[in-house]
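One structure is given here, and the rest of the page talks about it.
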Amino acid sequence: MTLRAGNTVITGTEGTSLRVTCSVAEQRRAGDIKISFAANHLTIRGGPDHEVSFRIEVPHSVNLRVRCSAGNLIIAKITGDKDVALNAGNVTIEVGDPATYRNVDASVWAGNLNATAFGTEHDGLFRTFQHQNAAGKYRLHASLLAGNLTLK
């Protein structure tokens with residue numbers, strides 16, 4: 001997924017389809033938002049600069065790759081690999097059972113790294129966290145330049 005800045009929730013559902021819901025304060029600008037899906041890649045771009053929210057529903061068992069410039073991003077109820085990168089904002093990832101992850105690496109250049117699911121918290125500059133579990137199945141990579149990264 002390549003997402004424009006905004007407030008975004010990506011959540012897993014029992015269904016097998018992808019569903020995108022958008023909320024825009026300036027209704028007249030809603031048509032400026034462009035949503036496309038091709039070759040298993042969702043792209044959202046355009047639209048007003050402020051007060052835009054997205055809810056993206058995906059099958060609960062899916063591997064995610066998310067790139068976004070800025071905003072607030074929440075990922076919940078998803079089982080699978082997660083590869084998430086954001087320039088600025090707040091990222092919250094509900095990891096579920098931490099024992100299911102083989103490799104975890106997370107980093108924040110400036111801000112807070114709160115990985116309570118894995119028993120660690122860091123704040124300040126150039127914060128990183130790595131975790132390995134040979135019995136795990138999934139990979140979690142999360143990087144944020146500035147803001148707060150939470151793995152819960």
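Numbering starts at 1 and runs along the sequence shown.
- Both Val62 and Tyr101 sit in one connected hydrophobic cluster of ILVMFWY residues. Membership requires side-chain heavy atoms under 4.5 Å apart, directly or through other members.
- Taken from CD1 in Ile44 to CG in Leu3, the straight-line distance is 5.0 Å, to the nearest 0.5 Å.
- Rounding to the nearest 0.5 Å places CG of Asp97 at 10.5 Å from OH of Tyr138.
- Arg67 CZ: more than 12 foreign heavy atoms inside a 6.0 Å radius.
- Trp109 and Val66 fall into different hydrophobic clusters, where Ile, Leu, Val, Met, Phe, Trp and Tyr are joined by side-chain heavy atoms under 4.5 Å apart, directly or via other members.
- Between the side chain of Asp81 and the backbone N or O of Arg139, at least one donor-acceptor pair lies under 3.5 Å.
- Between the side chains of His41 and Thr2, at least one donor-acceptor pair of N or O atoms lies under 3.5 Å.
- Listed here is the closest heavy atom pair of Pro48 and Glu26: CB-OE2, 4.0 Å.
- At most 12 heavy atoms of other shown residues, nucleotides or ligands fall within 6.0 angstrom of atom CG in Asn40.
- Between Gly31 and Lys34, the shortest heavy-atom distance links the atoms O-NZ, 3.0 Å.
- Side-chain contact check for Ile93 versus Leu140: some heavy-atom pair is nearer than 4.5 Å.
- For the atom pair Arg45 CZ and Arg4 CZ, the distance stands at 11.5 Å (nearest 0.5 Å).
- The nearest pair of heavy atoms linking Ser17 to Pro59 is O-CD, 3.8 Å.
- Counting all heavy atoms, side chain and backbone alike, Glu94 lies closest to Lys77 at OE1-N, 4.1 Å.
- Connection of Leu149 to Ile74 is not established within any shared hydrophobic cluster, with ILVMFWY side chains joined at heavy-atom distances below 4.5 Å, either directly or through further cluster members.
- Taking 4.5 Å as the limit, some side-chain heavy atom of Ile33 sits within range of a side-chain heavy atom of Val52.
- With rounding to the nearest 0.5 Å, the separation of OG1 in Thr11 from CZ in Arg55 is 5.0 Å.
- Here the side chain of Lys82 pairs no donor or acceptor atom with the backbone of Thr79 at under 3.5 angstrom.
- Between Gly12 and Ile78, the shortest heavy-atom distance links the atoms N-CG1, 3.6 Å.
- Between Val91 and Asn148, the closest side-chain pair of non-hydrogen atoms is not below 4.5 Å.
- Remark: His131 NE2 to Asn103 CG distance equals 9.0 Å, nearest 0.5 Å.
- Pairing each heavy atom of Ser107 with each of Thr128, the nearest pair is CB-CG2, 3.9 Å.
- Within the 4.5 Å cutoff, no side-chain heavy atoms of Glu57 are placed close to those of Ile10.
- Between the side chain of Asn133 and the backbone N or O of Ala135, at least one donor-acceptor pair lies under 3.5 Å.
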Inset, instruction - Apply side-chain contact (heavy atoms from CB on, under 4.5 Å) to Met1 and Arg65, showing your working. - result: CA-CA 6 Å; Met1 295 180 188; Arg65 180 181 185 275; over 6 Å; no
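- A side chain to side chain contact (heavy atoms under 4.5 Å, CB included) with Ser53 is found for exactly one of Val24, Val9, Asn7, Thr21, namely Asn7.
- Contact annotation: the side chain of Phe118 approaches that of Val95 to within less than 4.5 Å [non-hydrogen atoms, C-beta and beyond].
- Without hydrogens or angle criteria, Arg127 side chain to Leu113 main chain gives no donor-acceptor distance under 3.5 Å.
- Between Ser23 atom OG and Phe54 atom CZ the span is 9.5 Å, to the nearest 0.5 Å.
- At least one side-chain heavy atom of Leu18 sits less than 4.5 Å from a side-chain heavy atom of Leu42.
- For the pair Leu73 and Val84, the minimum side-chain heavy-atom distance is below 4.5 Å.
- Put simply, the side chain of Thr8 reaches to within 4.5 Å of the side chain of Ile56, judged on heavy atoms.
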